[in-house]
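Structure, as structure tokens:
No hydrogens, no waters, no symmetry mates; every other heavy atom, side chains included, goes into these values. Naming: A, B, ... by sequence-line order, numbering from 1 per chain.
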Amino acid sequence: MSEPRTITFWLLDASYDVVGNVPEIRLWGLTEDNQRVVILDRSFRPYFYVLPEENVSPENLLRRLKAEAHGKRPILDMTIVDKKFFGRPVKAIKVTCQVPADVPEYRELFRRVVGVQDVLEADIRFYMRYIIDHQLRPCSWHEVKVKPTTKHKNWQVDAVYEALEPPKPIEDYSKLPDLRTLAFDIECYNPRGSPKPERDPIIIISVVTNKGEKRLLTAKDHNDVLLIKEFVDFIKEFDPDIIVGYNTNRFDWPYLIERSRYLGISLSVSRTGSSPAPSVYGHYSIMGRANVDLYDFIEEMTEIKVKTLENVADYLGIMPKDKRILIEGTEIYKYWDDASRRKNLLEYALQDALSTYGIAEKILPFAMQLSSLVGLTLDQVGAASVGFRVEWYLMREAFLQNELIPNRIERPYVPYKGAIVLKPKKGIHENIAVLDFSSMYPNIMINKNISPDTYVPPEEIDDPSKYNIAPEVGHAFRKEPPGFYKRVITKLLEFRKRIRENMKQYRPDSIEYRILDERQRAVKIIANACYGYAGWVGARWYRREVAEATTAWGRETIKQTIKLAKELGLEVIYSDTDSVFVKYDKNKVEKFIKAVKEKFGLEIKPDKVYVRVFFTEAKKRYCGLLPDGRIDVVGLEAVRGDWAEIAKEVQEKILEIILKEGSVDRAVEYVRKVIENLKSGKVPLEKIIIWKSLSKDLREYEVRAAHVTAAKRLLEAGYRLEVGDKVGYVIIKGPGRLADRAWPYILLKDRKMIDYNYYIERQILPAALRILRYFGITENLILSGKRQTTLFDFFG
DNA sequence: GCCTGGTCTCTACCC
DNA sequence: ACGGGTAGAGACCAGGCG
């Protein structure tokens with residue numbers, strides 16, 4: 001039984017601990033035959049690099065470092081190694097320590113030694129070091145030679161193995177193991193505003209699993225001791241691989257942890273029996289399982305404006321709002337205390353867990369592919385910001401290419417010029433094609449070899465023919481050899497091509513197809529984020545000249561493209577960054593595409609053709625009618641989250657009437673009707689709520705803004721608000737500034753308080769006139785109610 | 001003291 | 001804690017008016 005064997009496993013989580021002065025890597029996973037396993041590797045040691053100053057001999061420095069370390073904690077090894085730093089070959093001293101805690105100690109000690117230029121790679125967590133060095137991929141399959149061990153008998157796994165050699169990744173991403181997923185949500189008793197764990201019990205924990213279980217765990221009146229124990233027991237019994245929730249990192253887990261501590265209950269939900277623990281990027285780590293907060297992913301979906309669980313579930317078609325029970329957060333305790341209403345609360349809680357589970361089904365396949373690609377574990381990848389996701393990917397690549405990973409350093413923010421936006425030709429245009437460059441910035445970075453390691457400062461320029469010189473800004477980049485960004489982005493684009501090739505062997509409705517599709521999406525997202533990353537001052541591979549040159553070439557490209565279009569007789573209506581809107585002429589457009597390819601080595605593709613498109617004179621705001629009758633609204637009030645629904649609706653309807661029917665009269669009639677309805681109180685309250693986000697702490701605001709005063713009123717009423725939350729308010733009648741008349745809709749006692757005049761003058765009319773004034777309509781004309789002539793009607 | 005115009009702050013958008 | 005470019009509303013404030 002204890003003979004060595006090779007097993008195949010899917011990597012779920014990674015961690016480490018020091019056991020008997022030996023660091024032990026733990027790889028948590030699932031095997032092909034559906035066993036939960038942990039693989040221990042005690043052979044790996046932490047290390048970092050010391051980079052000598054240019055004129056310092058590595059041998060001398062090595063001796064000095066050894067002398068410096070003498071008498072301190074033993075260092076396992078110090079060796080001079082050949083590495084590259086920003087593409088340049090360098091000698092570095094690799095320092096291998098006994099345990100991870102030695103690394104920061106020696107980093108601090110060595111960085112002060114004379115002759116040391118820098119200490120590198122001393123800030124990488126030990127298990128991440130392991131993942132990078134062996135190129136493991138979380139959420140992917142690996143092969144590993146192991147032998148069983150009797151260690152850690154009390155852990156909740158089917159088997160514990162010792163690795164006889166490091167695992168090897170398997171390059172097939174089309175399959176997933178049979179995972180156990182658990183979604184949960186907690187409800188707290190909150191008669192005194194926001195619940196506090198040292199005061200208010202948890203009353204319901206709703207649980208839904210992917211194996212068809214639905215549980216409603218409840219408190220005994222106001223005693224939640226058994227409830228929490230039941231929850232812990234259920235997790236142990238079901239033994240989930242993935243635990244999902246909505247906003248669990250900021251609410252459920254901290255609350256459960258605090259509450260358990262207060263009650264003296266052990267929240268041992270992990271596979272080692274430990275409690276969830278706060279970890280990197282503000283997420284909670286549950287040993288051996290992946291704790292995923294779906295909110296992290298929803299946060300990035302800017303198309304969902306108000307990100308409450310019920311809104312998101314509604315938006316994603318998981319649980320339509322009109323088909324579920326909605327209970328106001330502040331009312332929960334009332335339902336709990338009222339025997340006749342308690343069952344409604346229970347149903348509500350279950351629907352929350354079901355919604356959460358539904359979101360997980362939509363999000364997890366992508367999250368897993370992102371995790372696999374960038375190398376962050378599933379529970380971390382969502383919590384990490386875009387910049388860090390890109391960075392982890394780059395760090396893996398740097399390792400493969402023997403490049404030293406630069407340190408994260410603080411730098412001043414220096415702004416630079418971005419893209420060009422053309423002033424549109426205002427009014428209505430017919431038959432307009434939109435063409436845009438595919439991945440313009442990534443391709444420019446490849447074509448011009450733009451990278452920190454190919455950048456050459458002006459004083460070092462010799463023969464200009466050896467460099468690509470950026471227009472306007474004059475930054476120079478070596479043509480050869482290929483720079484870091486070029487190598488990385490090229491690889492990503494090729495990778496994506498290969499995945500898309502691979503997809504062809506599967507039916508579009510198959511699981512394999514879905515997985516690969518999510519994977520190619522993840523690859524595209526990372527490739528496209530490289531430019532932004534390069535211009536981020538917090539990036540390890542930051543260089544302003546890189547970002548600045550990329551946009552400069554982008555500007556030149558689009559300028560030349562516009563010129564080319566005109567030369568070919570295409571009328572250019574508008575352009576933004578990497579797109580051109582031209583009067584559609586099939587032959588000319590085909591010629592144009594070919595010419596662009598020849599001239600710039602970049603691909604421009606027709607994205608869509610508008611039957612009709614309307615532009616105001618403002619940039620970034622227009623509206624187009626598509627051949628299938630759909631309407632694209634871009635930038636205008638109708639698509640902004642900070643206008644009252646009623647105003648957005650009016651604008652959208654006007655655009656539709658104008659683009660489809662060409663009748664200004666009807667549009668004006670429509671606006672008048674809505675104003676009538678509003679005055680007579682026929683418009684539902686939801687449609688006049690204005691939602692705005694809090695971008696900072698309330699005390700930090702410099703001017704009195706409406707949503708801030710509304711937020712303060714919410715706070716006084718006992719609501720809890722955080723940065724990023726959306727505040728919904730209405731404007732009420734009365735004296736003073738607008739900001740002082742903003743009232744949280746939730747606290748509104750009487751609809752009579754609402755200032756309808758504000759909604760007419762400052763919401764509906766501006767939104768309507770934004771469009772209608774281009775057709776000769778004025779505010780007075782709408783308000784006077786005079787019948788219009790058909791003067792402004794057109795086409796039919 | 002009120003009005004006006006310019007500037008600043010703030011949000012959310014586009015690509 | 002990935003980039004810059006942009007519109008538009010409202011707050012704020014200085015200056016003009018008389």
When every nucleotide of nucleotides 10-15 of chain B is labelled 5' to 3' by its protein contacts under 4.0 Å (heavy atoms), B for base, S for sugar-phosphate only, - for none, what sequence of letters results?
SBBSBS

Is the distance between the ring centroids of A:Tyr533 and A:Trp541 less than 6.0 Å?
no

Students often get this wrong, so: under 4.0 angstrom with heavy atoms, is [X] touching a base, only sugar-phosphate, or nothing?
X        : result
A:Ala618 : sugar-phosphate
A:Gly532 : base
A:Ala739 : sugar-phosphate
A:Arg389 : nothing
A:Phe437 : nothing
A:Arg544 : nothing

Going 5' to 3' along DNA chain C, between which two nucleotides do contacts with chain A fall, using a heavy-atom cut-off of 4.0 Å?
C:dA1 to C:dC12

Show me the pairs that pass salt bridge (Lys or Arg N to Asp or Glu O under 4.0 Å) and involve residues 380-394 of chain A, at least two apart or across chains.
A:Glu300-A:Arg389, A:Glu391-A:Arg408, A:Glu391-A:Arg540

Can you name the side chain to side chain donor-acceptor pair (under 3.5 Å) partners of A:Lys687, sequence neighbours left out?
A:Glu649

Over 60° means perpendicular and under 30° means parallel, so tell me whether A:Phe388 and A:Trp536 are parallel, tilted or perpendicular.
perpendicular

Aromatic plane relationship, A:Tyr416 with A:Tyr531 - under 30° parallel, 30 to 60° tilted, over 60° perpendicular:
perpendicular

Would A:His475 and A:Glu548 satisfy side chain to side chain donor-acceptor pair (under 3.5 Å), going step by step from the backbone distance to the final call?
CA-CA 8 Å; A:His475 304 319; A:Glu548 198 166 41; 2.7 Å; yes

Taking only residues two or more places apart in sequence or in another chain, which ones pass salt bridge (Lys or Arg N to Asp or Glu O under 4.0 Å) with A:Asp632?
A:Lys608

Could you pull out all donor-acceptor pairs under 3.5 Å where a side-chain atom in residues 758-769 of chain A meets a protein atom, sequence neighbours excluded?
residue, atom, partner, partner atom, Å
A:Tyr758, OH, A:Gln763, NE2, 3.1
A:Tyr759, OH, A:Ile688, O, 2.8
A:Tyr759, OH, A:Ile731, N, 3.0
A:Gln763, OE1, A:Ala644, N, 2.9

